[in-house]
A.B. asks: 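If you scroll down you'll find the structure; I have some questions about it.
Heavy atoms only: backbone and side chains are in, while hydrogens, waters and symmetry mates are out. Here, residue 1 is the first one in the sequence, and each next residue gets the next number.
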Amino acid sequence: MNPESTPAAIRCRALVKRYKDVTAVAGLDLEVRAGECFGLLGPNGAGKTTTVEMLEGLLTHDEGDIEILGLRWDGHEHELRERLGVALQETKLADRLTVAEVIALFRSFYRRGRTVEEVLDVVELGEKRDAWVEKLSGGQRQRLAIACALVGAPDLLFLDEPTTGLDPQSRRQLWEIVASFKRGGGTVVLTTHYMEEAERLCDRVAVMDHGKVIALGSPRELIASLGADHIVEFSLGDGGAEPLPEAALAALPGVKAARRDGPRFSLTVTEAHRAVPALMLELERRGVEMTELVTHHATLEDLFLSLTGRHLRDA
């Protein structure tokens, strides 16, 4: 995808949304390119859902400007509704309708779209076409919700935390549905707090915190901005936290940065094969006992921790 020649599916400038006791979105600037999967990543309360609901036309913004597919909600609402697909965090569907009846109902809302059978095939619910909604598993309900968003053949698909609470198999089934829609030329805006999901699906990610974008780029670019490939996390035995200053850890060979998070320490390292032996020697020299050691490749979670000092899940 060439950013210079790809038109924008979404543009918003200086977007603000206030509630009585909080500013949920604080001057947000975003541009989503046509044909990409764009992720909004951040903890609960970061402003992701509020942002998406303003883009979807479900909430009115207090300040700023929104342009969707070259149009604005003021004056083009009907046309935009025909071209968008939306799957909310939780979709309430009638328990005593069948899967096929629900999709047929949503298809009736659009002048153009796909057939019920086509959508059943896309979301792999053909064998459940005559099952009542109340009989579906959590993963099947989520696929049905996405089927309702796809049946109008949208140009732009909004998915708000689509895999929250799902088992790994159901999550991967939904990932393939999203990837298939994108391969067909569709644009996706996805909110999530799952690192693997963002890294697997998204061409670019905006990391949000307190209603603002604090980092923007491809997952690979953002992770590379840490300046290291690996994270080394470890815990110490009783009485071992005080004699080990972060500055001493940061000075070890192969270590880019060091951080203490309660009883745990986290090292951002460029060369794990040098940093881990140096760490062991330093602990031995200080007479400090390690109780746990974990290493992993750097992720978007580590980026958020580096930027804010907080974990995405706990923020």
Side-chain angles (χ1 to χ4, degrees), residues 36-44 48-49 52 85-104 106 114-151 154 157-205 218-220 223 231 294-302 304 311-314:
E36 75 174 334
C37 181
F38 187 91
L40 287 175
L41 182 67
N44 292 335
K48 305 187 305 296
T49 295
V52 167
V86 176
L88 304 175
Q89 278 189 8
E90 185 177 0
T91 304
K92 295 291 187 181
L93 300 170
D95 285 342
R96 295 302 180 94
L97 288 180
T98 69
V99 168
E101 287 170 340
V102 169
I103 298 174
F106 275 76
R114 311 175 76 165
T115 68
V116 171
E117 298 304 323
E118 284 177 327
V119 176
L120 282 171
D121 184 57
V122 169
V123 300
E124 299 182 6
L125 283 177
E127 64 181 18
K128 294 291 183 180
R129 70 179 324 281
D130 296 320
W132 283 348
V133 170
E134 67 178 3
K135 301 295 185 181
L136 301 180
S137 68
Q140 290 166 345
R141 285 179 183 239
Q142 285 290 72
R143 279 186 278 155
L144 177 56
I146 293 180
C148 294
L150 292 175
V151 74
L157 180 63
F158 288 99
L159 301 175
D160 193 4
E161 304 280 4
T163 64
T164 297
L166 298 187
D167 61 85
Q169 181 179 355
S170 297
R171 187 172 297 138
R172 281 168 173 77
Q173 287 175 319
L174 282 175
W175 289 354
E176 178 51 36
I177 293 170
V178 174
S180 176
F181 177 78
K182 182 175 173 290
R183 285 194 298 268
T187 305
V188 182
V189 175
L190 169 77
T191 73
T192 184
H193 57 256
Y194 291 118
M195 302 305 101
E196 185 183 3
E197 186 162 280
E199 291 173 28
R200 177 76 65 89
L201 294 177
C202 296
D203 298 292
R204 291 190 303 142
V205 171
S218 72
R220 181 173 295 182
I223 292 169
I231 305 296
V294 177
T295 67
H296 64 265
H297 286 286
T299 68
L300 291 171
E301 168 82 24
D302 300 309
F304 186 81
H311 289 279
L312 272 163
R313 297 292 181 86
D314 302 331

A.B. asks: Which donor-acceptor pairs under 3.5 Å do the side chains of residues 120-131 make with protein atoms, sequence neighbours left out?
C.D. replies:
unit_1, atom_1, unit_2, atom_2, d
Arg129, NE, Glu117, OE2, 3.4
Arg129, NH2, Glu117, OE2, 2.4

A.B. asks: Between Ile146 and Leu174, is there a side-chain heavy-atom distance shorter than 4.5 Å?
C.D. replies: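 Result yes, sub-4.5 Å side-chain heavy-atom pair found.
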A.B. asks: Please round to the nearest 0.5 Å and tell me the distance separating atom CG of Leu41 and atom SG of Cys202.
C.D. replies: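 Taking CG in Leu41 and SG in Cys202, the distance rounds to 8.0 Å.
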A.B. asks: Can you list everything that forms a salt bridge (Lys or Arg N to Asp or Glu O under 4.0 Å) with Glu101? Sequence neighbours excluded, please.
C.D. replies: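 Per chain and number, Glu101 pairs via salt bridge (Lys or Arg N to Asp or Glu O under 4.0 Å) with no residue.
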A.B. asks: Run the numbers on Val133 and Val102 for side chain to side chain contact (heavy atoms under 4.5 Å, CB included), then give the verdict.
C.D. replies: CA-CA 9 Å; Val133 170; Val102 169; 3.7 Å; yes
A.B. asks: If I compare all heavy atoms of Ala198 with all of Leu300, which pair ends up nearest, and what's the gap?
C.D. replies: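 Shortest heavy-atom separation between Ala198 and Leu300 comes out as CB-CD1, 3.9 Å.
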A.B. asks: Under 4.0 Å between a side-chain nitrogen and a carboxylate oxygen: does that hold for Lys48 and Glu161?
C.D. replies: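 Counted as a salt bridge, because a side-chain N and a carboxylate O are separated by less than 4.0 Å.
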A.B. asks: Counting only N and O atoms by type, is there a donor-acceptor contact under 3.5 Å from the side chain of Glu176 to the main-chain atoms of Gln173?
C.D. replies: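 Looks like no, no N/O pair under 3.5 Å.
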A.B. asks: Tell me the closest heavy-atom pair linking Phe158 and Val52, and the distance in Å.
C.D. replies: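 It is CD2-CG1, 3.9 Å.
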A.B. asks: Just wondering, do Val189 and Leu157 contact through their side chains at under 4.5 Å, heavy atoms?
C.D. replies: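 Heavy-atom side-chain distance check fails, nothing below 4.5 Å.
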A.B. asks: Testing Thr91, Thr191, Thr192 one by one against Asp160 for a side chain to side chain donor-acceptor pair (under 3.5 Å), which residue passes?
C.D. replies: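 Exactly one candidate clears the test, Thr191.
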A.B. asks: Under the rule for ring-ring contact (aromatic ring centres under 6.0 Å, His included), what residues qualify as partners of His297, not counting sequence neighbours?
C.D. replies: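 With neighbours one apart ignored, the set is His230.
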A.B. asks: Side chains of Glu197 and Thr163 only: does a donor on one sit below 3.5 Å from an acceptor on the other?
C.D. replies: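 Yes, a side-chain donor-acceptor pair sits under 3.5 Å.
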A.B. asks: Would you say the side chain of Leu97 lies within less than 4.5 Å of the side chain of Trp132, judging by non-hydrogen atoms?
C.D. replies: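 Heavy-atom side-chain distance check fails, nothing below 4.5 Å.
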A.B. asks: Do the side chains of Glu196 and Arg172 get close enough for a salt bridge, i.e. N-O under 4.0 angstrom?
C.D. replies: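 Salt bridge between Glu196 and Arg172, a charged N being under 4.0 Å from a carboxylate O: yes.
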A.B. asks: Decide yes or no for Leu190 and Phe38: does some side-chain heavy atom of the first lie under 4.5 Å from some side-chain heavy atom of the second?
C.D. replies: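 The answer is no; the side chains never approach within 4.5 Å.
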A.B. asks: To the nearest 0.5 Å, tell me how far Leu144 CG sits from Phe106 CZ.
C.D. replies: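 Leu144 atom CG to Phe106 atom CZ measures 8.0 Å (nearest 0.5 Å).
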A.B. asks: Ignoring hydrogens, what is the shortest heavy-atom contact between Pro154 and Ala149? Give both atom names and the distance.
C.D. replies: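 So the minimum-distance heavy-atom pair works out to CG-O, 3.4 Å.
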A.B. asks: How close do Val205 and Pro219 get, heavy atom to heavy atom, and via which atoms?
C.D. replies: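 Minimum heavy-atom contact is CG2-CG, 3.9 Å.
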A.B. asks: Kindly compute the distance separating CG (Asp302) from CE (Met195), expressed to the nearest 0.5 Å.
C.D. replies: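 The CG atom of Asp302 sits 9.5 Å away from the CE atom of Met195.
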A.B. asks: Mark yes or no for whether Arg204, through its side chain, and Ser218, through its backbone, hold a donor-acceptor pair below 3.5 Å.
C.D. replies: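 Judged by distance alone, no pair lies under 3.5 Å.
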A.B. asks: Is Asp203 reaching over with its side chain to a backbone N or O of Cys37, donor-acceptor style, under 3.5 angstrom?
C.D. replies: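 Side chain of Asp203 to backbone of Cys37, a donor-acceptor pair under 3.5 Å: yes, one is there.
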A.B. asks: Kindly indicate whether the side chain of Glu301, heavy atoms from C-beta on, has any atom under 4.5 Å from the side chain of Glu199.
C.D. replies: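 No; the side chains remain at least 4.5 Å from each other.
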A.B. asks: Using atom types as modelled and distance alone, determine if a side-chain donor or acceptor of Glu36 lies under 3.5 Å from a backbone N or O of Val188.
C.D. replies: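 Checked: no pair found.
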A.B. asks: For a quick test of reading the model, state the closest non-hydrogen atom pair linking Gly139 to Ser170 and the distance between them.
C.D. replies: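 Heavy-atom minimum between the residues: CA-OG, 3.8 Å.
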A.B. asks: Please give me the minimum heavy-atom distance between Arg141 and Leu136, naming the atom from each residue.
C.D. replies: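 Between these two residues, the closest heavy atoms are NE-O, 3.6 Å.
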